[in-house]
Amino acid sequence: MKYTLHTHTVGFDGRDSVQSMVNRARDLGFKTIGISNHFIVNPVIKNTKMYPYSVRGGYSNIYSSSFEEALLRFIPHYHEVRSIQELNPDMKILCGMEVDFFQDVKWLHGFENAIKLLKPDYTIGSAHFIEYGGTLLNSHDWKNADEKTREQLLKRYWTNVALAADSGLFTWLAHLDLPKKTGLGREEKWMGYENMAVESAAKTNTAIEINTSFYRDYCYEPYPSNRILQMMKEHNVATIISDDAHETKNIGRHFDEACKIIQDFKLNTLVR
Ligand SMILES: [Zn+2]
Ligand SMILES: [Zn+2]
């Protein structure tokens with residue numbers, strides 16, 4: 001693998017600068033790096049339970065209440081990435097974004113407008129939040145919900161992911177089985193929902209990443225799980241390897257394992 005396209009940098013929720021990420025990618029022998037900071041726009045995002053934590057943690061910049069606010073961050077950010085491209089002609093440096101998809105006409109309209117202005121090289125679709133009871137809940141909230149609510153939240157999660165795929169707005173989808181971050185959604189009963197999302201991705205030619213940020217001692221696997229990889233094979237959905245690096249030392253993590261998965265499942269890749 002000679003590229004990394006799912007990365008985060010300082011000023012958003014990453015630890016390192018664009019230039020230091022580029023340097024690290026070059027040291028690893030990569031020819032291409034894409035910077036894909038969070039593009040999360042929702043009018044109630046700052047009223048959520050998690051928001052004060054992000055302020056204390058110093059990464060609240062990834063959350064915008066309006067598209068105007070997000071554009072004020074992304075216009076200078078892309079300007080910086082493009083000027084770093086000029087300073088590093090030996091590397092291909094791309095402007096990406098990891099977008100939270102919301103199922104709402106106003107959001108769609110605002111997003112399409114933003115894309116026209118920013119002209120990203122690619123977009124990654126994701127669903128870190130579920131709308132519920134007038135607020136937004138993240139994976140930790142899903143975990144802490146009572147059983148009945150949790151069930152509903154997971155159904156909504158998968159519906160959102162399928163709709164994000166249906167929209168055709170994204171080059172690929174991030175960490176498809178995100179609920180497993182907090183141990184949720186592993187039962188076989190979720191396979192119908194997973195399949196619905198994979199079918200939507202197949203219909204719109206949206207790829208699904210193998211995200212290598214999940215490898216843990218107790219669960220040594222990436223996103224998505226083997227059963228989803230099997231569905232991707234059956235529906236001929238392409239894949240791409242993502243390290244989801246939030247700092248230089250994460251670049252290229254577990255890429256050997258991910259390459260082996262691509263070979264084992266004989267998946268098509270979006271980038272060679
Ligand atoms: Zn993410
Ligand atoms: Zn990410």
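Counting convention: from 1, in listed order, for ligands and their atoms alike.
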In terms of relative ring orientation, are Trp142 and Tyr157 parallel, tilted or perpendicular, with 30° and 60° separating the classes? tilted
Between OE1 of Glu98 and OD1 of Asp244, what angle is found at the Zn ion (ligand 2), rounded to 10 degrees? 170°
What is the name of the N/O/S atom of His175 that is nearest to the Zn ion (ligand 1)? NE2
I'd like to know if Glu69 pairs up with Arg73 as an ion pair, taking the criterion as any Lys NZ or Arg NE/NH1/NH2 lying under 4.0 Å from an Asp or Glu carboxylate oxygen. yes
With a cut-off of 2.8 Å, does His246 place any N/O/S atom under that distance from the Zn ion (ligand 2)? no
Does His38 bring an N, O or S atom to within less than 2.8 Å of the Zn ion (ligand 1)? no
Under 3.5 Å, is there a donor-acceptor pair between the side chain of Asp146 and the main chain of Thr149? yes
Does His6 bring an N, O or S atom to under 2.8 Å of the Zn ion (ligand 2)? yes
Might you work through the side-chain hydrogen bond (donor to acceptor under 3.5 Å, both in side chains) test for His128 and His175, ending with a clear yes or no? CA-CA 10 Å; His128 299 89; His175 40 61; 3.2 Å; yes
Can we say Arg156 and Glu131 salt-bridge, meaning some charged N sits less than 4.0 Å from an Asp/Glu carboxylate O? no
